[in-house]
S.K.: 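Handing you this structure, nothing more for now.
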2 protein chains.
Amino acid sequence: MVKPTRVENRIRALRFAHGELTQADLAERIGVTRQTVIAIEQGKYSPSLEVAFQIARVFGVPLDDVFQYPDGA
Amino acid sequence: MVKPTRVENRIRALRFAHGELTQADLAERIGVTRQTVIAIEQGKYSPSLEVAFQIARVFGVPLDDVFQYPDGA
DNA sequence: TGAGCGTGTCAGGAATTCTTGACATCCGCA
DNA sequence: TGCGGATGTCAAGAATTCCTGACACGCTCA
């Protein structure tokens, strides 16, 4: 990562709020690998828009509910 | 593009709804190049989550208002 | 003690996103 | 007729995202 993400997410919280969903389970549901889920959850990098949408869909919430882009520049 | 995007967007409509904002102007405001705006607007590929957020921010609307992820697979 | 689960890391590589730079077309206007 | 503005395209390369595969740690349970 030459440039760490500025996008924050609530994936971990949402996972627990949805029946202790494990990272592996979530990964399978959104169609990515476990490592990808870990990296995104830890903010190693921001996901693509497609992956972001799928995550939001799994949790049944709007995208802005999962990811937040910090204010001013 | 080995895999064209499934994400739709309303960038063009939003541009016109915001004072005839040109692609070049928008590109500058969101911090990407003009070519990138064109490609995204035409659905050549889906933007990164960061770029998507900045676009939504320029137009002052939630992200789900700019991009839509088609329903079931 | 040993097996299984959940989480985290690393390395190398494939795929996608974004950039720079150049060139083409269409339109409106002096 | 010629110029400028807006849009679109192509090509090559840099940066980022995502993948496969392997290994480690802590915890629980038989």
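Just so it is clear, the values below take in all heavy atoms, side chains as well, and ignore hydrogens, waters and symmetry mates. A quick note: this is a predicted structure, and the numbers were derived from the prediction, not measured.
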S.K.: Below 4.0 angstrom, which residues in residues 5-15 of chain B have at least one non-hydrogen atom near DNA chain D?
M.R.: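 Result for residues 5-15 of chain B: B/R12, B/R15, sorted by number.
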S.K.: For a 4.5 angstrom cut-off between non-hydrogen side-chain atoms, does B/S46 reach A/F53?
M.R.: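 They are not in side-chain contact.
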S.K.: Take atom CG of A/L26 and atom P of C/dG6, then tell me their distance rounded to the nearest Å.
M.R.: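 My rounded result for the distance is 13 Å.
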S.K.: So, taking the atom named CD1 in B/I30 and the one named CD1 in B/I55, what distance separates them when rounded to the nearest 0.5 Å?
M.R.: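 Going from CD1 on B/I30 over to CD1 on B/I55, the span is 4.0 Å.
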S.K.: Working to the nearest 0.5 angstrom, can you tell me the gap between B/I11 CD1 and B/H18 NE2?
M.R.: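 B/I11 CD1 to B/H18 NE2: 12.0 Å, rounded to 0.5 Å.
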S.K.: Between C/dA15 atom C1' and A/Y45 atom OH, what is the distance in whole Å?
M.R.: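 Rounded to the whole Å, the gap is 12 Å.
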S.K.: Flag the pair B/R15 and B/E20 as a salt bridge only when some basic side-chain nitrogen lies within less than 4.0 angstrom of an acidic carboxylate oxygen.
M.R.: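 Judged by the 4.0 Å cut-off on N to carboxylate O distance, B/R15 and B/E20 do not form a salt bridge.
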S.K.: Roughly how many Å is it from CG in B/L49 to C1' in C/dC18, rounded to a whole number?
M.R.: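 These atoms are roughly 16 Å apart.
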S.K.: Do A/K44 and A/T5 make a side-chain contact, defined as non-hydrogen atoms from C-beta onward lying under 4.5 Å apart?
M.R.: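 They are not in side-chain contact.
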S.K.: From CZ of B/F67 over to C1' of C/dT17, roughly how many Å is that when rounded to an integer?
M.R.: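 Rounded to the whole Å, the gap is 13 Å.
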S.K.: For A/Q54 and D/dT17, what is the distance between atoms CD and P respectively, to the nearest whole Å?
M.R.: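 The distance from CD of A/Q54 to P of D/dT17 comes to 17 Å, rounded to the nearest Å.
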S.K.: Side-chain N or O of B/T36 versus OP1/OP2 of C/dT19: is the shortest distance under 4.0 Å?
M.R.: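 Indeed, a polar side-chain atom of B/T36 lies that close.
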S.K.: Just how far, in rounded Å, is C1' of D/dT16 from CD1 of B/I40?
M.R.: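 Going from B/I40 (CD1) to D/dT16 (C1'), I get 14 Å.
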S.K.: When the distance from CD of A/E28 to P of C/dC5 is rounded to whole Å, what number comes out?
M.R.: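 Result: 14 Å.
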S.K.: Would you call A/L14 and A/V58 a side-chain contact if the rule is heavy atoms closer than 4.5 Å?
M.R.: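 Heavy-atom side-chain distance check fails, nothing below 4.5 Å.
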S.K.: Please state whether the phosphate of D/dT17, meaning OP1 or OP2, lies under 4.0 angstrom from any side-chain nitrogen or oxygen of B/S48.
M.R.: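 Answer is no, no contact under 4.0 Å.
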S.K.: CD of A/Q23 to CD of A/Q42: how many Å apart, nearest 0.5 Å?
M.R.: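 Output value for this atom pair is 7.5 Å.
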S.K.: Under 4.0 Å, counting only non-hydrogen atoms across every strand here, what does B/T33 touch: a base, just sugar-phosphate, or nothing?
M.R.: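 It contacts base atoms.
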S.K.: Just N and O in the side chain of A/S46: are any of them under 4.0 Å from OP1 or OP2 of D/dT17?
M.R.: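 Yes, such a contact exists.
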S.K.: Please test A/Y69 against B/Q54 for side-chain hydrogen bond (donor to acceptor under 3.5 Å, both in side chains), starting from the C-alpha separation and ending with a verdict.
M.R.: CA-CA 8 Å; A/Y69 194 66; B/Q54 292 179 355; 2.7 Å; yes
S.K.: Just by protein heavy atoms under 4.0 Å, how would nucleotides 9-15 of chain D read 5' to 3' in B, S and -?
M.R.: BB-----
S.K.: For DNA chain D, whose closest nucleotide is more 5', that of B/L21 or that of A/V51?
M.R.: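 The residue mapped nearer the 5' terminus is B/L21.
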S.K.: Check whether any side-chain heavy atom of A/D65 sits under 4.5 Å from a side-chain heavy atom of A/F59, and report yes or no.
M.R.: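 Sidechains of A/F59 and A/D65: no contact.
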